[in-house]
Chemist: 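I'd like to ask some things about the structure below.
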Amino acid sequence: MTGAGKYWRVALGAIVIAGLIVVPANFNRYGLFILSQWAVMTIAAMGLNLTLGYAGQVSLAQGAFVGIGAYAAAIMTSQGMPLISALSVAVVLCFAVGWILGYPALRVQHHYLAFVTLAFSTLAFLVFRNEDWLTKGIYGISNIPRPNIFGFATNRPLPFYYVCLGSLGIVSVMVWWLIRSPWGRAFLALRENPIRALSLGIDTRRYTLMAFAIGSALGGVAGALYAPLTQYVDPVPFNLSLSLDLLMMVIVGGAGFFFGPFLGAMIAVLLPEWLRFTEGYYLMLYAIAVMLLLIYSPTGILGILDRALAERRTKIASARRAVAASGLETAP
């Protein structure tokens, strides 16, 4: 990448971050809720992207991990514990369960693994719904408090939006570092060719389990933020449809691209709101738009951009070779 290209990327990133900080200050309560939901779902989708897009392991259980994190936060904060403690418990619990769930991935792959994670998602939903002594069943947990951070209350929509946005920023930096570390390169090798990765000395067993565990832990982070965002938790939001929505976010945005979950969550959360002017047809238009996108580009929106940039680089390289060849032909 040229120096000018890096400059424009940094400038564009700074503009987007500044916009996310400044522009929502003028939004109403519902607009801030939608943006906060986008930030929370992006964190969950980043975890699934790590598992699916980088490590190549199919999971339909990410919604269940969001539910585990949400219930952990709801139960603990309702008992007067701080959100940071609930967040820590949610991360550790989801990491441990994700590590255990990763063991079937050592023996089965692709759609077989999807069925295993589907069964876990169903099991988690049944626990959320039926274990009244812990989750209060279908009645749910209400009046979930929002935290005070350094003495500042976040019970209003704008301050808690900044909590969600700040959490997204922290998670983004951590994931950015992870995928550029030796672990991230090991995940990519595991996705491309597990047998070759094993022959190169990569412990495919450990990295498969680690991909599931870290991705699940990020689902727990999203759930721990979701509970105080909605201030009410019941089993309905954590059924299979949430896992499918998160899977769609990753695929539509671009699996294996760092910014894929950001874009995919924006489409899944914000696009239906933008299409509400069509009244009863907005869900149909949304579904048609997603289907056409995946037919045209199975690698998602960022896949289209990546393909265009690759073609541009190829044309530039071909032009340079042609210029070099003509220079050699005209040389005495």
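Side chains are part of it too, since the values below use all heavy atoms of this structure and drop only hydrogens, waters and symmetry mates.
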Chemist: Can you see which heavy atom on R146 is nearest to which on L229, and at what distance?
Modeler: NH2-O, 2.8 Å
Chemist: Answer yes or no: is there a side-chain heavy-atom contact under 4.5 Å between T135 and V233?
Modeler: no
Chemist: Quick one, M46 and L168 - any side-chain contact, counting heavy atoms below 4.5 Å?
Modeler: yes
Chemist: Could you grab the distance from atom CE of M210 to atom CG of D203, nearest 0.5 Å is fine?
Modeler: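 The distance works out to 9.5 Å.
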Chemist: Say whether, by atom type as modelled, one donor and one acceptor occur between the side chain of D234 and the main chain of G137 under 3.5 angstrom.
Modeler: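 Answer holds: no.
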Chemist: With side chains defined as the heavy atoms from C-beta onward, is the minimum distance between L60 and S121 less than 4.5 Å?
Modeler: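 They are not in contact (no side-chain heavy atoms under 4.5 Å apart), so the answer is no.
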Chemist: Do you know which two heavy atoms are closest between A74 and I144, and how far apart they sit?
Modeler: CB-CD1, 3.5 Å
Chemist: Roughly how far apart are L165 CG and L35 CG, rounded to 0.5 Å?
Modeler: 9.0 Å
Chemist: Is there side-chain contact between F125 and T122, with heavy atoms separated by less than 4.5 Å?
Modeler: no
Chemist: Only pairs at least two apart or in different chains count here, so list each ring pair (Phe, Tyr, Trp, His ring centres under 6.0 Å) that has a residue in residues 54-95.
Modeler: F65-F120, Y71-F128
Chemist: Would R180 count as a cation-pi partner of W176, with NZ or CZ less than 6.0 Å from the six-membered ring centre and within 45° of the ring normal?
Modeler: yes
Chemist: Linking Ile, Leu, Val, Met, Phe, Trp and Tyr by side-chain heavy atoms under 4.5 Å, what else ends up with M76?
Modeler: M81, V89
Chemist: Please go through I170's hydrophobic cluster and name the other residues, only I, L, V, M, F, W, Y counting, with side-chain heavy atoms under 4.5 Å joining them.
Modeler: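 Result for I170 is M174.
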Chemist: Does F27 reach the side chain of P157, with side-chain heavy atoms less than 4.5 Å apart?
Modeler: no
Chemist: Is it true that a side-chain atom of N49 and a backbone atom of A45 form a donor plus acceptor pair closer than 3.5 Å?
Modeler: no
Chemist: Side-chain heavy atoms under 4.5 Å apart, restricted to Ile/Leu/Val/Met/Phe/Trp/Tyr: what other residues fall into the cluster of I138, or is it alone?
Modeler: Y139
Chemist: Heavy atoms, side chains only, cut-off 4.5 Å: are I34 and W38 in contact?
Modeler: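 No. Closest side-chain heavy atoms not under 4.5 Å.
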Chemist: If you look at every heavy atom in G31 and N28, which pair is closest and at what distance?
Modeler: N-OD1, 2.7 Å
Chemist: Any heavy-atom pair between the side chains of S181 and L178 that's under 4.5 Å?
Modeler: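 With C-beta onward as the side chain, the pair touches.
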Chemist: I43 versus S167: any side-chain heavy-atom pair under 4.5 Å?
Modeler: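 Side chain of I43 against side chain of S167, heavy atoms only: contact under 4.5 Å found.
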Chemist: Got a second to check how far L50's CG is from I179's CD1, nearest 0.5 Å?
Modeler: 8.0 Å
Chemist: With sequence neighbours left out, what residues match S241 under side chain to side chain donor-acceptor pair (under 3.5 Å)?
Modeler: N239
Chemist: Sequence neighbours left out, what pairs pass ring pair (Phe, Tyr, Trp, His ring centres under 6.0 Å) with at least one residue falling in residues 210-257?
Modeler: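 Every pair satisfying ring pair (Phe, Tyr, Trp, His ring centres under 6.0 Å) with a residue in residues 210-257: Y226-F238.
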